[in-house]
2 protein chains.
Amino acid sequence: MAVDAFAVLAEPTRRRILDELRRSDSSVNELVEALTVSQPTMSKHLKVLREAGFVSCRTAAQQRIYRIETRPFEALDEWLKPYRELWTRHLDALERHLDNLEY
Amino acid sequence: MAVDAFAVLAEPTRRRILDELRRSDSSVNELVEALTVSQPTMSKHLKVLREAGFVSCRTAAQQRIYRIETRPFEALDEWLKPYRELWTRHLDALERHLDNLEY
DNA sequence: GCCTGATATACCTTGACAGGCATATGCCTG
DNA sequence: CAGGCATATGCCTGTCAAGGTATATCAGGC
């Protein structure tokens with residue numbers, strides 16, 4: 001995982017951008033209108049997201065169409081894995097416990 | 001998910017603390033020695049983690065034994081869910097494609 | 001009750017980062 | 001190639017969080 005993926009996601013506006021892009025690819029202006037932030041602010045957030053690999057963009061005439069990329073999310077999922085075991089193991093133990101109660 | 005869970009995880013030292021606690025519960029001093037940070041810094045990070053629910057602690061004599069908590073990780077997992085679908089769907093499509101190639 | 005060890009907090013300084021405004025760049029159309 | 005959108009960047013300012021040092025709290029043993 002890019003070392004600073006969490007820092008990138010720490011910004012609420014950036015999470016809203018990703019949330020929006022998850023639904024559909026969008027131009028910068030569409031995002032500006034959807035999230036009610038200034039255009040320069042949007043461009044800056046998109047730059048951060050782009051450099052961290054969360055989004056990519058293609059040029060369409062004068063517009064830049066941004067698109068969500070899954071790689072960093074997969075990395076996050078991977079990071080979460082060992083922690084996930086902590087609670088799934090607990091659940092397994094609980095299941096076994098409940099199973100035992102049935103006897 | 002606590003609104004600022006990502007901000008909490010954005011700190012590398014805090015991630016190392018969680019990594020350490022995932023292995024075993026530890027006192028503050030054990031963590032200080034394991035991660036080579038000053039004791040006040042450690043206490044501050046632990047406070048942040050505690051307030052965000054990532055860890056809990058019990059008192060044992062003069063020591064505080066910290067322990068990892070799974071709840072915020074489950075919330076993170078939950079947040080990740082819709083994004084996870086993005087790439088699993090892609091994988092499914094790939095599988096179908098490969099299956100088709102077999103004919 | 002005092003001393004010591006373990007941990008928490010207060011205060012200060014510093015650096016990173018977000019947003020606002022102005023401006024630059026890039027691309028299309030006439 | 002001029003003018004107009006769409007987007008990016010530069011500069012400035014305010015905010016906030018992290019780490020360092022000093023100090024406070026708190027529990028146990030003598």
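Predicted, not measured: the structure shown is a model, and the values here were computed from it. Order of the sequence lines sets the chain letters (A, B, ...), proteins ahead of strands, with each chain counted from 1.
The distance from atom CD of Glu51(A) to atom C1' of dC17(C) is 14 Å, rounded to the nearest whole Å. Between the CD1 atom of Ile17(A) and the C1' atom of dA18(C) there is a distance of 12 Å, rounded to whole Å. Rounded to a whole Å, the CZ atom of Arg58(B) is 12 Å from the P atom of dT7(C). Protein atom CG of Leu49(B) is 16 Å distant from nucleotide atom P of dT7(C), rounded to whole Å.
Electrostatic pairing of Asp19(B) and Arg22(B) counts as a salt bridge here, judged by a charged N lying under 4.0 Å from a carboxylate O.
Under the 4.5 Å side-chain heavy-atom criterion for grouping Ile, Leu, Val, Met, Phe, Trp and Tyr, Ile65(A) is not connected to Ile17(A) through any hydrophobic cluster.
Counting only N and O atoms by type, the side chains of Ser43(A) and Gln39(A) include a donor and acceptor under 3.5 Å apart.
For the pair Leu31(A) and Leu21(A), the minimum side-chain heavy-atom distance is below 4.5 Å. Put simply, the side chain of Asp77(A) reaches to within 4.5 Å of the side chain of Arg84(A), judged on heavy atoms.
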Once each nucleotide of nucleotides 7-18 of chain D is scored for protein heavy atoms under 4.0 Å, what B/S/- sequence comes out, 5' to 3'?
BBBBB------S

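In this structure Phe73(A) satisfies the ring pair (Phe, Tyr, Trp, His ring centres under 6.0 Å) test together with Phe54(A), Tyr83(B), sequence neighbours excluded.
Remark: dT9(D) base-pairs with dA22(C); criterion is Watson-Crick or G-U wobble with both hydrogen-bond distances under 3.5 Å.
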